[in-house]
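Working notes for the structure below.
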Amino acid sequence: MNKKIGYLIAFVVAVAAPFVGYPVFLSKLLCFALFASAFNLLIGFTGLLSFGHAAFFGMAGYVAGNALKNWGWPTELGLLAGVAGAAAIGLVMGGLAIRRQGIYFSMITLALAQMVYFGALRAGEFTGGEDGLQGVPRGKFLGLIDLANDTTLYFVVLGICVLAFMLIVRTVHSPFGQVLKAIKENEPRAISLGYDVDKYKLLAFVLSAALAGLAGASKTLVLGFETLTDVHWTMSGLVILMTLVGGMGTLAGPMLGAIIIIALENKLGDWGTLLARLSGIEWFNTIGEAVNMVVGLIFIICVLLFRRGIIGEFIALAGKKKPV
């Protein structure tokens with residue numbers, strides 16, 4: 001019951017947010033929250049650490065962007081094209097990577113993702129190369145909802161993210177999800193029980209890739225462009241950081257981690273200016289140039305003090321307070 005109340009409060013806050021904050025920035029937060037949740041489905045509930053999720057996030061953005069700008073597809077079909085493209089890449093990458101375990105699995109995903117990155121760099125006609133894919137139109141969702149208005153776009157993205165999150169929750173609590181947890185906890189035991197572990201791993205990998213693709217396609221729709229930054233290995237590292245800061249293996253943790261990290265990246269300079277004005281310390285004006293240093297400091301603090309992530313530590317603390 002407490003979880004349902006928490007989700008309800010979060011939903012109410014999300015509905016009210018665009019009337020207080022900037023809808024485009026809030027839509028971007030939702031996209032990254034979905035991205036982190038998709039990644040968490042793989043690492044948090046299956047135990048597979050991928051260093052290549054930027055490939056799905058970025059390439060889905062390119063596919064969706066081309067579908068909307070150059071192919072003239074409707075908005076919903078453009079998003080679905082991005083999801084399908086990410087799932088296809090995930091099927092190929094997953095089929096190769098699951099042949100190995102542990103760090104070898106992670107290194108294979110990194111190597112394949114870098115191949116995707118250099119392919120995107122060379123395929124200038126499709127990706128725009130170093131200039132990126134610019135001027136992606138929003139269009140009308142389902143042919144009825146005009147997305148030119150930022151607030152309307154926000155609510156469409158919110159609906160997409162809520163449905164995707166519901167799918168993740170349903171997957172985690174389904175028999176399929178229980179098998180994934182068993183594989184994470186004790187893979188040899190799962191094999192001895194007769195489960196085709198490789199098949200389950202591949203399905204989890206493709207599902208995670210498809211959801212990451214949905215996040216990437218939605219981000220392209222929101223911002224109207226797609227660049228090589230989203231397909232670079234640093235984006236894979238960023239989503240890992242989001243998941244660890246929020247709480248790996250929890251449902252709400254990655255979303256919180258994404259909100260914290262993206263808010264820091266985008267608003268740290270403004271906060272520094274405000275602190276400089278209030279305190280009179282000129283150094284705060286330069287803090288916006290040290291985003292990576294601040295994010296790294298937060299990561300170190302979480303590793304030292306919040307080993308389970310923010311949400312994970314709160315859950316552990318609440319569990320200790322329950323009467324025996």
Side-chain angles (χ1 to χ4, degrees), residues 6-7 10 28-58 60 86 90 93-94 97 102-103 105-107 109-110 113 161 164-165 167-169 171-172 177 180-181 183-185 201 204-216 218-219 229-265 291-292 294-316:
Y7 289 144
K28 181 181 176 181
L29 285 182
L30 289 175
C31 294
F32 276 99
L34 175 57
F35 184 29
S37 296
F39 176 75
N40 183 57
L41 180 63
L42 191 66
I43 186 175
F45 296 101
T46 314
L48 298 177
L49 174 57
S50 168
F51 287 152
H53 259 54
F56 317 130
F57 185 73
M93 287 180 58
I103 190 62
F105 170 89
S106 302
M107 289 297 101
T109 60
L110 175 61
C161 291
F165 183 71
L167 175 61
I168 292 173
V169 174
T171 300
V172 169
L180 295 183
K181 292 178 183 178
I183 293 173
K184 177 187 176 184
E185 296 297 329
K201 285 182 178 179
F205 196 95
V206 173
L207 179 58
S208 178
L211 290 170
L214 179 59
S218 299
K219 176 178 173 290
T229 302
D230 287 344
V231 79
H232 194 253
W233 68 267
T234 52
M235 182 60 70
S236 296
L238 191 65
V239 75
I240 294 173
L241 178 61
M242 294 173 186
T243 306
L244 293 178
V245 168
M248 183 179 69
T250 64
L251 290 169
M255 292 189 291
L256 177 61
I259 291 171
I260 291 173
I261 298 301
I262 299 302
L264 280 173
E265 284 194 339
V291 172
N292 291 333
V294 174
V295 171
L297 180 61
I298 291 175
F299 178 68
I300 293 172
I301 292 173
C302 285
V303 169
L304 295 177
L305 302 180
F306 300 95
R307 298 294 296 274
R308 302 179 183 90
I310 297 173
I311 297 296
E313 290 294 338
F314 277 119
I315 292 175

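Bear in mind that the values here come from a model prediction, so they are computed numbers and not experimental data.
Counting heavy atoms from C-beta outward, Ile310 and Ile260 have side chains that approach closer than 4.5 Å. Between Ile183 and Phe45 there is no side-chain heavy-atom pair separated by less than 4.5 Å. Side-chain contact check for His53 versus Thr109: every heavy-atom pair is 4.5 Å or farther apart. Looking only at side-chain heavy atoms (C-beta outward), Ile262 and Met242 come within less than 4.5 Å of each other.
Ser208 places no side-chain N or O within 3.5 Å of a backbone atom of Asn40 that could act as its donor or acceptor partner. Listed for the Lys184 side chain is a donor-acceptor partner under 3.5 Å among the backbone atoms of Gly44.
Under the ring pair (Phe, Tyr, Trp, His ring centres under 6.0 Å) criterion, Phe51 pairs with no residue, sequence neighbours left out.
Residue Thr171 holds its OG1 atom at 7.5 Å from CG of Leu211, rounded to the nearest 0.5 Å. Note that the OG1 atom of Thr243 and the CD1 atom of Ile43 stand 7.0 Å from one another [nearest 0.5 Å]. Put simply, CD1 on Ile311 and CG on Leu256 are 5.0 Å apart, with the number rounded to the nearest 0.5 Å. Taken from CG in Leu167 to OG in Ser37, the straight-line distance is 11.5 Å, to the nearest 0.5 Å.
Here the two rings, on Phe56 and Phe205, have centers that are under 6.0 Å apart.
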